[in-house]
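Just so it is clear, the model here is predicted, and its values are computed rather than measured.
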Amino acid sequence: MDEIRDRVRGRLVGNADLLYRHEGTFTKTQNGREFSYSCRFSVRDLTKGNRDQIAAANAFAADEGAAFRDIRLLRIHPDDPRPPEGAVLAVPWDGGRLEVRGWSQSSDFTGQAVGFCILRR
């Protein structure tokens, strides 16, 4: 199993320029202090997702009181810090404010988690 994980991680890092095409900083203010999380990432619009992703996004959107069309999936480069829930991308994304609202369970194979974000316009 460790060998498989190492191979998958090697592919994720080796193809990082293709998989995590954007760089930016997410910020979160807590107890009056602002924390920054610089990372390489990718964002996916779920209208192009598969049936399972769409179902998960619909459930998430209903729970968050957001429109399905405003839900985005976030993936972070494995070597970079994962922004915590409540962190916001410092620069506008697709005409709005990209806010991290939750993370999936980490994959057994990749160690990667998927972030559920709301694009607030």
Specify the closest pair of heavy atoms between S106 and A113, including all atoms of both residues, with the distance to one decimal.
OG-CB, 4.0 Å
Mind checking the CZ-CZ spacing from R44 to R72? Nearest 0.5 Å is all I need.
11.5 Å
Sidechain-backbone polar pair: T25 side chain, A90 backbone, donor-acceptor under 3.5 Å:
no
With no hydrogens and no angle check, is any side-chain donor or acceptor of W93 less than 3.5 Å from a backbone partner on E99?
no
How long is the gap from CZ on R101 to CZ on R120, to the nearest 0.5 Å?
6.0 Å
Quick one, V114 and R75 - any side-chain contact, counting heavy atoms below 4.5 Å?
yes
So do W103 and I76 actually touch side chain to side chain, heavy atoms under 4.5 Å?
yes
Distance in Å, C39 SG paired with R82 CZ, rounded so as to fall on 0.5 Å steps
11.0 Å
Greater than 12 external heavy atoms within 6.0 Å of Q105's CD
no
Does some side-chain heavy atom of R51 sit less than 4.5 Å from a side-chain heavy atom of I54?
no
Evaluate the side-chain proximity of L89 to F41: yes if any heavy-atom separation is below 4.5 Å, no if none is.
yes
Here the gap from R97 atom CZ to I118 atom CD1, rounded to the nearest 0.5 Å, amounts to 10.5 Å
Assigning hydrophobic clusters by single linkage (Ile, Leu, Val, Met, Phe, Trp, Tyr; side-chain heavy-atom cutoff under 4.5 Å), is V91 placed with L98?
yes
Flag side-chain contact, heavy atom, 4.5 Å: L119 against R69
no
Does a side-chain heavy-atom distance below 4.5 Å link F116 with E64?
no
I'd like to know whether CG of D17 has more than 12 heavy-atom contacts from other residues, nucleotides or ligands below 6.0 angstrom.
no
Heavy-atom pair of closest approach, residues I71 and A66
CD1-CB, 4.2 Å
Can you tell if the side chain of L73 reaches within under 4.5 Å of the side chain of V43, non-hydrogen atoms only?
no
For S36 and T27, test the side chains for any donor-to-acceptor distance below 3.5 angstrom and give the result as yes or no.
no
Please give me the minimum heavy-atom distance between L74 and C117, naming the atom from each residue.
CB-SG, 3.7 Å
Compare every heavy atom of Y37 with every heavy atom of K28, then report the nearest pair and how far apart it is.
CB-CE1, 4.4 Å
Salt-bridged, R121 to D94, with N to O below 4.0 Å?
yes
Applying the side-chain contact (heavy atoms from CB on, under 4.5 Å) criterion to P78, which one of L19, T110, L12 satisfies it?
L12
Check: P83 and F35 side chains under 4.5 Å, non-hydrogen atoms
no
Report yes or no: does R21 contribute a side-chain atom to a donor-acceptor pair with the main-chain N or O of S42 at less than 3.5 Å?
no
